[in-house]
Amino acid sequence: MDTGLLIEKLILVVVLFAITLGIAMYSTLLERKVAAWLQDRIGPDRAGPWGILQPLADGGKMFFKEDFIPLHSDKWLFILGPGIAMFTALITGAVIPWGPNIEAFGRSIPLQVADVNVGILFIMGFVSIGVYGIMIGGWASNNKYSLFGAIRASSQMISYELAMGVSVITIVLMTGSLSLRDIVDAQHGIWFVVKQPLAFIIFFVCALAECNRAPFDLAECESELIGGYHTEYGSMKLGFFLFAEYINMFISSAVIATLFFGGYNFPGMDALSGNTLAIVGTLVFFVKIFFFIFLFMWVRWTLPRFRYDQLMHLGWKKMIPIALVNLLITAVVIAAYNGWFNKKKKKKLTMQSLSNRSKLVSNKKMTFIEKLYLPAIFSGMLITIKHLFRKNNTLKYPEQQKVFAPNYRGMHVLKRDEEGRENCTACGLCAVACPAEAITMTAGEREKEQESLYREEKYAETYEINMLRCIFCGLCEEACPKEAIFLTDRIVPTDIQRGEFIYGKDRLVETVDNRIDISKRQLTGKRKI
């Protein structure tokens, strides 16, 4: 055995493994940043400069969370499920050509772990096996919601694999090879996205479904299934499932760039040679991958989730027929080019004929999707991408504080007079004026020894405001004849129990040392909590 070959493959495997895990890890941060940018927010920025340590914090949280196995679950299958999902996600990167050959130590080192002659079939096969990880995890959990999510995932992935496989066959027909390196080399000059735009759209949509990404994330939709197939998972078992999703997104982006966007090919590459070409080609390939990762995220934060019947309708009644028609036309054009219909004269395959073929498929077979889906999708994505470049609205509290309007009305206060006695006489006008019926009180008679506490003969023995009902209209303040209640500029703090939002006198009556000047609606011009 060639020891040099073994060493170079071992190094390539380790480097590829580290890069894959690193990109998947920081894809979680990029996901949250892209979501924030598209929604005019800042996103995570507390863990390290610009939030770059957030994935490490998330990973540490996963490692130190309690690891448990449900009592009535199938223990070994419960453990095996995340492992299958993670293994199948990682192994598919072995056959992808990441760049041209590098010349080092007198050897020509290919940046590809294994150049098998059935590379694309290898990827499709392991992607199909990946559904077993989800199915086993959902079934072994002994949870109905998990099982429903697993069934959805398996039927969804199997359905969209058909259209994806048919779209791949068109590329195989054009290159005559299943090897990914041969497919990349065949795109030197013209990328297949130019010749097969419809196949690219089909493959990309199917990749979204295969990765369980929105709008096809029906397998884990929290509004129906709590968390889907990984509801019962915690700690790093859950982390494996989540990590496998981002690895699949990375690999899917790499496969899309390989099949349709030339892989490491780029305009002007013939002017370079040697290791310079290898380095630049590899960087260009990763730029294409990062673009498609961003596109995955852009789609997620633009389009709403499909209903399950819509998902299956699109896969079986739209994607598969269109993919088959595209395959048929591609086969006919290639057969005509090779002279199958006219042995005397070969028909020259030109860019114009390919363009006309794409238009024929688009106009005759995509009428429904073109009129109902594509315009709306592109319009929605245009709206979200505009927000990517807008100024963020989020304030970095407490470093930045929002300035409220002078007439802002917030948390209530029961006033005292100059001698520290309560102004409220329990007349009940504030409760009558309140449109939300948020105020309740009981009146009491002042005793002689209480003259230093209450100004009038009657006082509010109990006084409560339900902050969950209050609409902060200020009518209670306007109705009070004694100016005993005042709406400050303080916001109402949040709590975890509903009963804590019913404020009594212990939280409403102002302290003697911190009386509020009612002549000023807002003292500092800044939010107070």
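If you read the sequence from its start, that first residue is 1, and numbering goes on from there. Because the structure is a prediction, the values reported are computed rather than measured.
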pair [X]-[Y]: side-chain heavy atoms closer than 4.5 Å:
X    : Y    : result
D58  : R32  : yes
V255 : T92  : no
P70  : N143 : no
C473 : P435 : yes
V280 : Y264 : no
L487 : C476 : yes
V299 : P215 : yes
M441 : E464 : no

Practice prompt. Take R213 and M297 through the test side chain to side chain contact (heavy atoms under 4.5 Å, CB included) and record every step on the way to the result.
Written response: CA-CA 9 Å; R213 297 283 301 180; M297 298 175 181; 3.9 Å; yes

To the closest 0.5 Å, what do you measure between [atom1] ([X]) and [atom2] ([Y])?
X    : Y    : atom1 : atom2 : answer
Y26  : K33  : OH    : NZ    : 12.0 Å
Y503 : L414 : OH    : CG    : 13.5 Å
L90  : T20  : CG    : OG1   : 6.5 Å
L429 : K482 : CG    : NZ    : 11.0 Å
I79  : I84  : CD1   : CD1   : 12.5 Å
L16  : L21  : CG    : CG    : 9.5 Å

Practice problem: Please report the C-alpha distance between K288 and T258 in whole Å, then the side-chain angles of each, then the deciding distance to 0.1 Å, and finally whether the side chain to side chain contact (heavy atoms under 4.5 Å, CB included) criterion is met. | Solution: CA-CA 9 Å; K288 296 176 184 178; T258 300; over 6 Å; no

Nearest heavy-atom neighbours spanning [X] and [Y]:
X    : Y    : answer
W301 : T384 : O-CG2, 3.7 Å
T282 : G99  : OG1-CA, 3.6 Å
F472 : G410 : CD2-O, 3.3 Å
A438 : R469 : CB-CB, 3.8 Å
A24  : Y246 : O-CB, 3.9 Å
A153 : I134 : CB-CG2, 3.5 Å

task = Give the C-alpha distance, both sets of side-chain angles, the deciding distance and a yes or no for side chain to side chain contact (heavy atoms under 4.5 Å, CB included) between L311 and Y160.
result = CA-CA 10 Å; L311 173 78; Y160 279 83; 3.6 Å; yes

Just wondering, are more than 12 heavy atoms of other shown residues or ligands nearer than 6.0 Å to [atom1] in [X]?
X    : atom1 : value
R498 : CZ    : no
F68  : CZ    : yes
E437 : CD    : no
F240 : CZ    : no

Consider ring pair (Phe, Tyr, Trp, His ring centres under 6.0 Å). Of W298, F261, F216, F296, which one does F204 pass it with?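 It is F296, the one option of W298, F261, F216, F296 that forms the ring pair (Phe, Tyr, Trp, His ring centres under 6.0 Å) with F204.
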
Got a donor-acceptor contact below 3.5 angstrom from the [X] side chain to the [Y] backbone?
X    : Y    : answer
T488 : M411 : yes
E500 : Q497 : no
W76  : D74  : no
E477 : G474 : no
Y233 : S141 : no

- Query: Which class fits the ring pair F250 and F286: parallel under 30°, tilted 30 to 60°, perpendicular over 60°?
  - Reply: parallel

Worksheet item: Which one of K505, K415, R490 satisfies the salt bridge (Lys or Arg N to Asp or Glu O under 4.0 Å) criterion with E510?
Response: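 For E510, the salt bridge (Lys or Arg N to Asp or Glu O under 4.0 Å) test succeeds with only one of K505, K415, R490, which is K415.
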
- Task: Begin with the C-alpha distance, continue with both residues' side-chain angles, and end with the deciding distance and a verdict on side chain to side chain contact (heavy atoms under 4.5 Å, CB included) for C470 and H412.
- Result: CA-CA 10 Å; C470 181; H412 308 68; 3.3 Å; yes

Taking atom types as modelled, find out whether E232 and N142 have a side-chain donor-acceptor pair closer than 3.5 angstrom.
-> no

Q) Run the side chain to side chain donor-acceptor pair (under 3.5 Å) check on S128 and E161 step by step: do they pass? A) CA-CA 8 Å; S128 300; E161 278 174 8; 3.1 Å; yes

